[in-house]
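Remarks on the structure that follows.
Sequence positions, counted from 1, serve as the residue numbers for this chain.
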Amino acid sequence: MKSKITLKELAKLLNVSVSTVSKALNDSPEISPKTAERVKELAKLHNYKPNPVAVNLKKSKTGTVGVVIPNISNSFFARVLSGIEAEAQKYDLQVITYISNESYGREKQICDLLTAGFVDGVLIAVSEETQRKRDYDHLFNLVEYDIPVVMYDRINVSIPADKVGVDDEKSFYEATGYFKSKGLKKIGIASAIHHLGVGKSRIQGYESALTKTEKPFIAASSRPNVLKEKIQDLLIQDGVEALLCTDFESSLMAARIAYENDLKIPNDLKLMGYISKEVAEFLTPSLSYIEQHPRDLGSTALQLLQNRLNGRSTPGKFEEVIIETTIVHLESSEI
């Protein structure tokens with residue numbers, strides 16, 4: 001038996017967008033009579049039937065928004081979600097949370113589900129695997145189904161959507177400049193997320209703060225055993241005086257390697273990382289960190305979506321909001 005054809009498949013056969021097919025089937029005046037006729041003929045030929053649940057939900061708001069989180073074990077995203085939830089309560093919106101676990105396949109499944117009309121809008125931070133593949137068709141499908149989308153944190157994707165991010169490049173530019181202003185010459189950077197947009201931005205900020213005559217000291221790998229070797233080389237062979245860490249994993253790894261090699265922090269090594277306040281303050285010594293204000297990021301993302309849902313945003317024009325970071329100096333960066 002032939003499986004039921006979908007709206008997306010119809011659009012592909014006709015070489016038009018999903019929204020064009022949808023509008024043609026619903027006699028929208030935006031679609032020319034010739035195009036509408038083509039769409040309806042093909043739909044009839046394939047016995048296309050619209051999803052009644054999706055149709056009914058599309059006619060009225062559900063009062064629900066979908067939030068796609070790439071990694072719930074990361075305290076940053078847990079705090080972003082907290083900000084989203086708090087802001088959603090102000091508007092009596094219900095939040096449905098989906099976790100992609102940094103998987104492209106799972107993220108695609110989630111987006112396919114969301115196109116069925118169960119939510120009024122979507123907040124999403126794309127997965128690590130999606131960024132590696134650079135395949136964003138499932139995100140464009142959300143847009144083509146006229147579902148408002150707000151991207152948060154990982155926003156280096158060119159799709160028509162509102163975006164909320166952190167000034168990652170500026171944060172490490174300023175952190176590098178701080179150590180340089182204190183007379184340190186050998187400043188390094190460690191990263192387990194160098195292949196992601198946020199990791200690239202942080203490394204770019206570090207490199208931009210160096211002059212042409214200053215040597216960069218970079219340890220980057222997504223494989224823990226390789227990253228450990230590279231960080232150890234920076235600390236022992238190169239003798240870096242300060243190390244910036246772009247993520248939670250490299251921050252803790254650097255502190256551990258320093259301990260194992262009897263390097264005293266901050267006397268022998270200054271250390272600063274992208275790590276949560278809840279962890280940084282309880283390490284010994286306490287670890288200086290970049291505060292990203294994730295709750296503010298989450299609440300801002302929800303506010304942008306609410307503006308879009310209520311028609312307070314200009315159709316076709318999208319807003320990008322950048323949250324300023326704050327350097328928090330604790331014991332590990334004492335000069």
Contact list for residues 292-316, test salt bridge (charged side-chain N to carboxylate O under 4.0 Å, His left out), sequence neighbours left out = D162-R308
remark   = So the salt bridge (charged side-chain N to carboxylate O under 4.0 Å, His left out) pairs with at least one residue in residues 214-223 (sequence neighbours excluded) are K180-E214
Residue pair E107, H138: steps toward the side chain to side chain donor-acceptor pair (under 3.5 Å) verdict = CA-CA 8 Å; E107 183 177 283; H138 53 292; 2.7 Å; yes
Would you tabulate the side-chain donor-acceptor contacts of residues 85-94 under 3.5 Å, counting partners in other chains and residues two or more places apart, or write 'none'?
residue, atom, partner, partner atom, Å
E87, OE1, K90, NZ, 3.2
Y91, OH, Q303, OE1, 2.5
Y91, OH, Q303, NE2, 3.3

query = So with a 6.0 Å cut-off around CZ of F76, is the heavy-atom count from everything else above 12?
reply = yes
task = Please list, chain by chain and in numerical order, all residues satisfying side-chain hydrogen bond (donor to acceptor under 3.5 Å, both in side chains) with T20, sequence neighbours excluded.
result = S17
task = Not counting sequence neighbours, which residues clear ring-ring contact (aromatic ring centres under 6.0 Å, His included) with Y136? List them please.
result = none
Candidate list V68, V157, L304, test side chain to side chain contact (heavy atoms under 4.5 Å, CB included), partner M151, passing option = V157
query = When rounded to the nearest 0.5 angstrom, what is the spacing between OG in S333 and CZ in F179?
reply = 5.5 Å
message = Set out, in order, the CA-CA distance, both residues' side-chain angles and the distance that settles side chain to side chain donor-acceptor pair (under 3.5 Å) for S100 and S127, then state yes or no.
response = CA-CA 7 Å; S100 68; S127 73; 4.8 Å; no
Name the atoms and distances for all side-chain donor-acceptor pairs under 3.5 Å in residues 272-285, with sequence neighbours left out.
residue, atom, partner, partner atom, Å
Y274, OH, D168, OD1, 3.4
Y274, OH, S171, OG, 2.5
S276, OG, S75, OG, 3.4

query = Would R38 and L14 count as a side-chain contact (heavy atoms from CB on, under 4.5 Å) if you check the C-alpha gap in whole Å, the side-chain angles of each, and the deciding distance to 0.1 Å?
reply = CA-CA 8 Å; R38 286 179 58 222; L14 291 161; 3.6 Å; yes
Residues which pass side-chain hydrogen bond (donor to acceptor under 3.5 Å, both in side chains) with S32, listed by chain and number, not counting sequence neighbours = T35
inquiry  = side-chain contact (heavy atoms from CB on, under 4.5 Å) for V21 and V16? Distances and angles first, verdict last.
reply    = CA-CA 7 Å; V21 174; V16 297; 3.7 Å; yes
query = Out of curiosity, E174 CD to E169 CD, how far, rounded to the nearest 0.5 Å?
reply = 11.0 Å
Show every donor-acceptor pair shorter than 3.5 Å between a side-chain atom in residues 185-194 and any protein atom, with sequence neighbours excluded, or say none if there are none.
residue, atom, partner, partner atom, Å
K186, NZ, D238, O, 2.9
S191, OG, I193, N, 3.1
S191, OG, H194, N, 3.0
S191, OG, T246, OG1, 2.8

remark   = When rounded to the nearest 0.5 Å, the distance separating CG of L297 from OG1 of T325 is 12.0 Å
ask   = With a 3.5 Å cut-off and no angle check, do the side chains of N71 and S73 form a donor-acceptor pair?
value = yes
ask   = Does the pair D120 and T62 meet the rule for a side chain to side chain donor-acceptor pair (under 3.5 Å), with working shown?
value = CA-CA 6 Å; D120 296 332; T62 67; 3.1 Å; yes
inquiry  = Please tell me whether N307 and S313 have a donor and an acceptor in their side chains that are separated by less than 3.5 angstrom.
reply    = no
key: Residue list, ring-ring contact (aromatic ring centres under 6.0 Å, His included) with Y178, at least two apart or on another chain   = H329
message = Suppose the criterion is ring-ring contact (aromatic ring centres under 6.0 Å, His included): which pairs have a residue in residues 287-318, not counting sequence neighbours?
response = none
request  = For the pair K170 and E324, evaluate salt bridge (charged side-chain N to carboxylate O under 4.0 Å, His left out) and give the outcome as yes or no after the intermediate values.
outcome  = CA-CA 9 Å; K170 183 181 178 182; E324 292 287 332; 3.3 Å; yes
inquiry  = Keeping E129 on the side-chain end and Y104 on the backbone end, is there a donor-acceptor pair under 3.5 Å?
reply    = yes
ask   = Atom CG of L305 and atom CG of N310: how far apart are they, to the nearest 0.5 Å?
value = 9.5 Å
inquiry  = Here's a test for you: under side-chain hydrogen bond (donor to acceptor under 3.5 Å, both in side chains), which of D268, D262, N267 qualifies with K264?
reply    = D262
message = The criterion is side-chain hydrogen bond (donor to acceptor under 3.5 Å, both in side chains); which residues satisfy it with E291, sequence neighbours excluded?
response = R79
ask   = Is the CG atom of N15 crowded by more than 12 outside heavy atoms at less than 6.0 Å?
value = no
Counting only pairs under 3.5 Å, give me each side-chain donor-acceptor contact of residues 226-236, with atom names and distances, residues two or more places apart or in other chains.
residue, atom, partner, partner atom, Å
K230, NZ, A220, O, 3.0
D233, OD1, Q237, NE2, 3.3

Shared hydrophobic cluster, I257 / L269 (ILVMFWY, side-chain heavy atoms < 4.5 Å) = yes
query = When you look at S250 and D247, which way does the side chain to side chain donor-acceptor pair (under 3.5 Å) test go after all the steps?
reply = CA-CA 6 Å; S250 62; D247 53 276; 3.1 Å; yes
